[in-house]
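Structure, as structure tokens:
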Protein chains: 4
Amino acid sequence: MPDIGGIAGERLRAFIERIERLEDEKRALAEDIKEVYAEAKGSGFDTKIMRQLIRIRRMDQDDVDEQETLLDLYKRAVGMVPDQAPESAAAD
Amino acid sequence: MPDIGGIAGERLRAFIERIERLEDEKRALAEDIKEVYAEAKGSGFDTKIMRQLIRIRRMDQDDVDEQETLLDLYKRAVGMVPDQAPESAAAD
Amino acid sequence: MPDIGGIAGERLRAFIERIERLEDEKRALAEDIKEVYAEAKGSGFDTKIMRQLIRIRRMDQDDVDEQETLLDLYKRAVGMVPDQAPESAAAD
Amino acid sequence: MPDIGGIAGERLRAFIERIERLEDEKRALAEDIKEVYAEAKGSGFDTKIMRQLIRIRRMDQDDVDEQETLLDLYKRAVGMVPDQAPESAAAD
DNA sequence: AACGTTGAAATAGTTC
DNA sequence: GAACTATTTCAACGTT
């Protein structure tokens with residue numbers, strides 16, 4: 001670590017302040033997002049479902065499929081078979 | 001809930017897209033922050049300590065307000081109500 | 001509020017301590033749960049999926065269905081139609 | 001991942017059930033806590049202030065350790081390394 | 001009983 | 001890839 005208190009102290013402060021400024025902007029954006037959700041809720045939409053939707057859109061489709069497959073597998077392993085049997089497992 | 005598929009579908013999409021745009025910006029900011037940390041690290045600074053420092057500064061800032069609230073609460077709990085009377089408890 | 005500092009202060013303390021004791025036990029239980037997850041992970045299970053599974057088991061089946069329906073509805077409203085069309089929507 | 005449907009299915013179920021049992025106990029404890037608050041409220045105490053008090057007591061306790069960590073960190077940040085040398089930074 | 005607010009749980013990201 | 005931290009999500013609570 002460079003000597004703190006000397007010239008390096010100045011550099012450190014500069015870095016810190018740059019980061020803090022960026023974080024402020026990030027926080028402001030988070031606020032905006034919250035407000036949009038609030039507005040959507042005020043219009044009668046279910047924000048929890050909206051969040052799920054956005055998450056799914058963001059995720060890679062392969063990952064979505066993989067998670068679903070795994071969940072399904074686990075469900076069957078513990079005897080929680082969903083409505084339809086995914087690969088005729090219930091038949092035999 | 002508004003009828004999906006009709007006009008409400010449009011509104012929902014608009015909300016979703018607004019949020020996604022804001023989240024993109026937020027993600028970009030997070031990238032920027034990461035880069036600043038990388039640069040600081042390249043200059044020999046310990047990013048873990050930097051993160052702690054920033055966290056402390058943020059909390060200290062938050063605490064200024066909160067501590068006052070807490071102190072106020074304490075005072076009320078022991079019956080030492082400060083200047084303004086928060087509730088007309090003393091009246092009757 | 002009863003007069004603090006007198007006999008009521010004693011009662012308050014008793015309440016506080018009872019609660020704190022219960023919260024300690026609650027925290028201990030949370031620790032235990034975490035450990036079981038860690039053990040399951042060590043055995044090769046995907047804890048994220050396990051959590052989903054447990055959540056689903058806990059939820060009322062009606063709620064599970066309702067959420068899925070709603071998510072599906074929202075998906076279609078924003079043009080994110082899943083693989084199969086739930087009610088022959090893709091046919092025409 | 002162990003093969004689902006075989007012996008691993010049993011293990012998974014065992015884990016799930018252990019967790020669910022622990023969560024039941026945890027929920028029961030949460031109930032108890034709620035009841036104590038209700039009783040306190042019935043005795044005329046302000047539960048909001050009680051919650052704050054408990055939160056403060058808990059944080060104060062936690063802070064004892066954390067403040068030391070923080071102080072240590074600060075010292076390192078300004079080059080005032082305490083007793084033990086955390087990393088051989090000065091060596092090379 | 002809907003609302004916003006807070007606290008806890010879960011997930012994502014970062015560092016080593 | 002394991003541990004730690006930060007963020008995000010979810011549930012509980014009191015309030016109106």
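No hydrogens, no waters, no symmetry mates; every other heavy atom, side chains included, goes into these values. Order of the sequence lines sets the chain letters (A, B, ...), proteins ahead of strands, with each chain counted from 1.
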Salt bridge (charged side-chain N to carboxylate O under 4.0 Å, His left out) partners for B:Glu31, two or more places apart:
none

Contacts of D:Asp24 meeting salt bridge (charged side-chain N to carboxylate O under 4.0 Å, His left out) (sequence neighbours excluded), chain-then-number -> D:Arg27

CG of B:Leu53 to CG of A:Leu12, rounded to nearest 0.5 Å, is 6.5 Å

Between C:Glu23 and B:Arg27, which has a closest nucleotide on DNA chain E that is more 5'?
C:Glu23

Let me know, please, whether D:Glu31 or A:Ala30 comes out on the 5' side of the other along DNA chain F by nearest nucleotide.
A:Ala30

Measure CD1/C:Ile19 against C1'/F:dA12 and give the value in whole Å, please.
15 Å

Regarding C:Glu20 and C:Lys26, does a basic nitrogen lie under 4.0 Å from an acidic carboxylate oxygen?
no

Comparing D:Lys41 with C:Lys41, nearest DNA chain F nucleotide closer to 5' gives the residue C:Lys41

Are D:Lys34 and D:Glu39 ion-paired here, with the side-chain N under 4.0 Å from a carboxylate O?
no

Neighbours of DNA chain F within residues 47-59 of chain A, by heavy-atom distance under 4.0 Å
A:Lys48, A:Arg51

With sugar-phosphate meaning primed atoms plus P, OP1 and OP2, does D:Lys26 contact a base, only sugar-phosphate, or nothing at under 4.0 Å between heavy atoms?
sugar-phosphate

May I have the distance from C:Glu35 (atom CD) to F:dA3 (atom P), rounded to whole angstrom?
13 Å

For A:Arg58, which residues count as a salt bridge (charged side-chain N to carboxylate O under 4.0 Å, His left out) partner, sequence neighbours excluded?
B:Glu23

Salt bridge flag under 4.0 Å for residues C:Arg13 and C:Glu17
yes

Can you give the first and last nucleotides of DNA chain E, 5' to 3', that have an atom under 4.0 Å from a heavy atom of chain D?
E:dG7 to E:dA9

Listed by chain and number, what are the salt bridge (charged side-chain N to carboxylate O under 4.0 Å, His left out) partners of C:Arg55, not counting sequence neighbours?
none

Have a look at A:Lys34 and say if it touches a base, only the backbone sugar-phosphate, or nothing, with a 4.0 Å heavy-atom cut-off.
nothing

